[in-house]
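Letters go in sequence order (proteins before strands), and every chain restarts at 1.
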There are 2 protein chains.
Amino acid sequence: MRSDGRLARMLHVLVHMALLGGRETSERIAEMLNTNPVVVRRTLGALRDHGIVASEGGRGGGWRMAKSLDEITVLAVQRALDGGPILPAATSSDHPSCPVERASNAVLVAAHAEAEARLVEIYGATTLSEIARAAMETAKGQA
Amino acid sequence: MRSDGRLARMLHVLVHMALLGGRETSERIAEMLNTNPVVVRRTLGALRDHGIVASEGGRGGGWRMAKSLDEITVLAVQRALDGGPILPAATSSDHPSCPVERASNAVLVAAHAEAEARLVEIYGATTLSEIARAAMETAKGQA
DNA sequence: CATTCTGTAACACCACTTGTTACGCAATGA
DNA sequence: TCATTGCGTAACAAGTGGTGTTACAGAATG
């Protein structure tokens with residue numbers, strides 16, 4: 001089905017960056033994400049525009065956290081990546097004046113709005129520090 | 001963003017078919033949906049496989065409802081169109097053994113599962129007869 | 001002033017829905 | 001019997017959106 005791995009990737013890399021503490025270059029982050037430095041710049045750039053990370057060019061530059069993990073919610077990352085609805089209702093617009101089409105669309109829009117509200121509630125209540133804690137517990141359990 | 005107008009289109013056309021009562025050809029349904037007969041056959045075919053509509057070939061053939069509107073939920077139509085998750089979590093799989101990636105994915109999967117549960121609850125509680133009633137009230141109000 | 005970074009444009013690729021053409025098969029009815 | 005009607009399906013192009021990649025400009029450092 002549909003996929004947009006950006007949110008998952010950003011959560012992943014933000015936690016790593018915070019745990020590592022210092023500055024990371026796009027090159028190194030790309031290795032963490034098993035991808036390309038340009039993709040990293042593109043995606044982290046959106047987070048920088050929302051004050052989650054900061055970037056510096058030139059020698060010794062790279063990316064660093066602009067907030068601590070407990071100040072960043074999953075919702076904030078999502079919003080930085082995409083300002084639109086998270087779960088847009090897929091409506092039809094074949095005959096916009098048709099009452100049946102409108103009623104069908106209205107049902108879908110209302111349902112998606114409720115589902116998105118639930119998702120936003122959870123995203124907004126989850127900080128990245130919780131993810132970091134869960135990860136460290138898992139790692140400890142495996143060690 | 002993402003779009004998959006099939007569900008909206010099927011709700012639309014099912015209500016119309018029920019209101020019209022008789023048999024409709026792919027050609028006429030395509031006109032309702034402002035699309036192509038082949039697309040109609042493709043999509044209605046999935047509903048036929050789940051007992052929502054029935055099709056007959058040959059002269060005088062076409063499509064007819066196999067159930068009444070109050071026996072069909074939005075959820076049933078959705079399931080007929082796609083058996084998988086409605087709101088799959090977009091996870092990453094760059095480093096499957098990385099605890100941080102796993103923890104990030106787990107958060108997303110859990111959140112999406114809750115949102116989908118809410119969506120399924122609403123879809124399952126909404127029958128097409130409710131859409132038909134809403135559409136007729138709208139039409140009446142406009143007339 | 002060379003090096004090391006980010007910033008960004010440009011393009012190909014992949015996956016998926018949609019639109020379209022073409023053709024096969026079944027059922028009807030003269 | 002046979003032409004007509006309508007579904008069933010394969011095949012292919014188009015549009016969309018994230019991803020991967022190359023190339024190059026700009027800025028900061030030492």
- dC7(D) C1' sits how many Å from Leu47(B) CG, rounded? 15 Å
- Item | Val39(B), nearest nucleotide to its side chain (from dT19(D), dG19(C), dC7(D)) | dG19(C)
- Message: Side-chain heavy atoms nearer than 4.5 Å, only ILVMFWY residues, links allowed to pass through others: does that put Leu44(A) and Val38(A) together?
- Response: no
- Query: For Ser68(A) and Glu71(A), does a side-chain donor sit closer than 3.5 Å to a side-chain acceptor?
  - Reply: yes
- Task: Round to a whole Å and report the spacing from CG of Leu81(A) to P of dG17(D).
- Result: 16 Å
- Message: Does dT17(C) have its OP1 or OP2 closer than 4.0 Å to a side-chain nitrogen or oxygen of Arg9(B)?
- Response: no
- Got a sec? Which of residues 17-38 of chain A come in under 4.0 Å of DNA chain C, heavy atoms? Thr25(A), Ser26(A), Val38(A)
- Same cluster (ILVMFWY, side-chain, under 4.5 Å), Leu75(B) and Leu81(B): yes
- Query: Taking CZ from Arg41(B) and P from dT9(D), how many angstroms apart are they, rounded to a whole number?
  - Reply: 11 Å
- Note on the structure: The residue among Val40(A), Val39(A), Leu14(A), Thr43(A) that forms side chain to side chain contact (heavy atoms under 4.5 Å, CB included) with Arg9(A) is Val39(A)
- Query: After noting the C-alpha distance and the side-chain angles of Val15(B) and Arg133(B), does the key distance pass the side chain to side chain contact (heavy atoms under 4.5 Å, CB included) rule?
  - Reply: CA-CA 10 Å; Val15(B) 171; Arg133(B) 184 163 39 76; over 6 Å; no
- Query: Tell me the side-chain hydrogen bond (donor to acceptor under 3.5 Å, both in side chains) pairs involving residues 25-34 of chain B, sequence neighbours left out?
  - Reply: Glu24(B)-Arg28(B), Ser26(B)-Arg41(B), Ser26(B)-Trp63(B)
- Hey, is the main chain of Ile86(B) close enough, under 3.5 Å, to the side chain of Glu116(B) for a donor-acceptor pair? yes
- Using whole Å, report how far CG of Asp49(B) lies from P of dC7(D). 15 Å
- Start with the C-alpha gap between Glu130(A) and Asp70(A), add the side-chain angles, then the distance that decides, and say whether side chain to side chain contact (heavy atoms under 4.5 Å, CB included) holds. CA-CA 8 Å; Glu130(A) 295 173 44; Asp70(A) 57 9; over 6 Å; no
- Item | Any donor-acceptor N/O pair under 3.5 Å between dG18(D) base and Arg42(A) side chain | no
- Item | Same apolar cluster (I L V M F W Y, side chains within < 4.5 Å links), Ile122(A)/Val109(B) | no
- Query: Among residues 54-65 of chain A, which contact DNA chain C at a heavy-atom distance under 4.0 Å?
  - Reply: Ser55(A), Glu56(A), Gly57(A), Gly58(A), Arg59(A), Gly62(A), Trp63(A)
- Message: What is the separation between atom CZ on Arg48(B) and atom C1' on dG6(D), rounded to the nearest whole Å?
- Response: 13 Å
- Message: Please report the distance, rounded to the nearest Å, between CG in Leu44(B) and P in dT9(D).
- Response: 13 Å
